[in-house]
Amino acid sequence: MNCDKKDLLLYAVTDRAWLNGETLCSQVEKAIKGGATFIQLREKNLDQKHFLEEALEIQKLCKKYNIPFVINDNVEIAKKIDADGVHVGQSDMEAGNVRKILGDDKIIGVSAQTVEQALLAQKHGADYLGVGAVFKTGSKDDADDVSHDELQKICEAVDIPVIAIGGISSKNVTELKGRGIVGIAVISAIFAQPDITKATAELKALTEKTVAND
């Protein structure tokens with residue numbers, strides 16, 4: 001496994017929806033200062049040139065703070081900038097093929113909704129799983145709901161770390177206690193908040209309580 005499970009505690013996924021005149025890089029830095037332990041750059045509508053520029057900027061920031069940095073879906077850019085890794089969904093490139101392109105030392109995360117998908121991702125070399133959506137979410141149109149019982153079954157079925165994704169906030173994160181996750185991935189719970197640093201710190205404290213003794 002190419003990432004420490006402690007790094008997966010509070011996994012921040014970027015979104016340009018709430019920039020309000022700020023740069024994405026400045027918002028990511030606020031999240032890191034608040035305690036985010038992992039950054040995923042997610043861009044669905046940016047052209048390759050600007051995606052590459054942004055990826056290099058945020059990669060530099062994450063190196064400064066010694067935070068793992070992965071790219072969502074775009075294996076080409078991840079390879080080009082030598083990112084720490086990539087996160088892929090079920091409809092994206094399969095983990096084994098990603099591994100062939102990026103190499104054995106890179107972090108590969110895979111989204112999963114079922115035990116079958118989770119076991120297949122593990123077999124193909126995934127380092128961690130993102131499982132969800134565990135709550136209703138407005139950030140991903142294609143996110144399937146995953147019950148908390150199914151989340152627990154997935155955690156029990158695999159040997160690699162599992163983080164919960166989808167609709168998680170400071171109001172509901174503790175409902176995931178006892179399910180076996182090592183952390184959570186969030187978008188709006190950090191980047192849509194008026195005080196990103198404060199929101200991140202509060203969410204991190206709640207997440208630490210949620211995963212304690214799991």
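Since this is a predicted model, take the numbers as computed values, not measurements. Excluded from the calculations below are hydrogen atoms, water molecules and symmetry mates; all remaining heavy atoms, backbone and side chain alike, are included.
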When rounded to the nearest 0.5 angstrom, what is the spacing between CD1 in I107 and SG in C3? 5.0 Å
Quick one: do V158 and V115 satisfy side-chain contact (heavy atoms from CB on, under 4.5 Å)? Show the steps, please. CA-CA 8 Å; V158 297; V115 170; over 6 Å; no
Are I160 and L120 in one and the same hydrophobic cluster, where Ile, Leu, Val, Met, Phe, Trp and Tyr link if side-chain heavy atoms are under 4.5 Å apart? no
Trace of the side-chain contact (heavy atoms from CB on, under 4.5 Å) decision for N72 with V13: CA-CA 9 Å; N72 179 271; V13 182; 5.8 Å; no
Lys/Arg-Asp/Glu bridge criterion (N-O < 4.0 Å) met for R179, E150: no
Is it the case that over 12 heavy atoms from other parts of the model lie below 6.0 angstrom from the CG atom of D105? yes
Please test E54 against R16 for salt bridge (charged side-chain N to carboxylate O under 4.0 Å, His left out), starting from the C-alpha separation and ending with a verdict. CA-CA 11 Å; E54 187 176 75; R16 305 180 70 78; 2.3 Å; yes
So, the side chain of K80 versus the backbone of L52: is there a donor-acceptor pair under 3.5 Å, distance only? no
Between S26 and T23, do the side chains contain a donor N or O and an acceptor N or O under 3.5 Å apart? yes
Non-hydrogen side-chain atoms of H148 and F135 separated by less than 4.5 Å: yes
Donor-acceptor check, side chain of D84 to backbone of F69, threshold 3.5 angstrom: yes or no? yes
Between K79 (side chain) and G103 (backbone), is there a donor-acceptor pair under 3.5 Å? no
Determine, for D127 against R99, whether the closest basic-nitrogen to carboxylate-oxygen distance falls under 4.0 angstrom. yes
Quick one: CD1 on I168 to CD1 on I181, what's the gap to the nearest 0.5 Å? 6.0 Å
Hey, are the side chains of W18 and Q193 touching, using non-hydrogen atoms and a 4.5 Å cut-off? no
Side-chain donor-acceptor contact under 3.5 Å, N74 with E43: no
Close side-chain approach of D73 to V75, heavy-atom, < 4.5 Å: no
For the CG atom of D15 and the CD atom of Q27, what is their distance to the nearest 0.5 Å? 9.5 Å
Can you check whether D159's main-chain N or O pairs, donor with acceptor, with Q122's side chain at less than 3.5 Å? yes
Taking only Lys NZ, Arg NE, NH1 and NH2, and the carboxylate oxygens of Asp or Glu, determine whether K106 and D82 approach each other closer than 4.0 Å. yes
Can you check whether S169's main-chain N or O pairs, donor with acceptor, with N172's side chain at less than 3.5 Å? yes
Taking atom SG of C62 and atom CD of E29, what is their separation to the nearest 0.5 Å? 10.0 Å
Carefully, step by step, assess T37 and K204 under the rule side-chain contact (heavy atoms from CB on, under 4.5 Å). CA-CA 9 Å; T37 58; K204 185 177 185 181; 4.1 Å; yes
Between V131 and I163, is any pair of side-chain heavy atoms under 4.5 Å apart? no
Backbone N or O of L203 within a donor-acceptor pair of the S170 side chain at under 3.5 Å? no
Test applied, side-chain contact (heavy atoms from CB on, under 4.5 Å); reference residue, K198; option that passes from T200, D195, I196: D195
Euclidean distance, K44 NZ relative to F51 CZ, rounded to 0.5 Å: 9.0 Å
Using modelled atom types only, decide if a donor and an acceptor are shared between the side chain of Q113 and the backbone of G132 within a distance under 3.5 Å. yes
Using the benzene-type ring in the case of Trp, are the ring centres of F38 and H87 under 6.0 Å apart? no
Salt bridge K136-D145, side-chain N to carboxylate O under 4.0 Å: yes
Heavy atoms of A199 and A189 approach each other most closely as CB-O, 4.0 Å
Nearest heavy-atom approach of G89 to D92 is N-OD2, 2.7 Å
Can you check whether I165 reaches I184 side chain to side chain, under 4.5 Å on heavy atoms? no
Between H50 and D47 the two heavy atoms that sit nearest each other are ND1-OD2, 2.8 Å
Less than 4.5 Å apart, any side-chain heavy atom of L41 and any of V70? no
Mind listing the closest non-hydrogen atom pair of A112 and Q90 along with its distance? CA-NE2, 4.1 Å
Could you check if a side-chain atom of I154 sits within less than 4.5 angstrom of a side-chain atom of T114, using non-hydrogen atoms only? no
Give, for atom CG of L151 and atom SG of C155, the distance between the pair rounded to the nearest 0.5 Å. 4.5 Å
Looking at A121 and A95, what are the two nearest heavy atoms and their distance? O-CB, 4.5 Å
Could you tell me if the side chain of T210 sits less than 4.5 Å from the side chain of E175, heavy atoms only? no
Which heavy atom of I71 sits nearest a heavy atom of A83, and at what distance? CG1-CB, 4.0 Å
Carefully, step by step, assess M93 and I101 under the rule side-chain contact (heavy atoms from CB on, under 4.5 Å). CA-CA 11 Å; M93 191 183 294; I101 295 169; 3.6 Å; yes
Side chain Q59, main chain A55, donor-acceptor under 3.5 Å: no
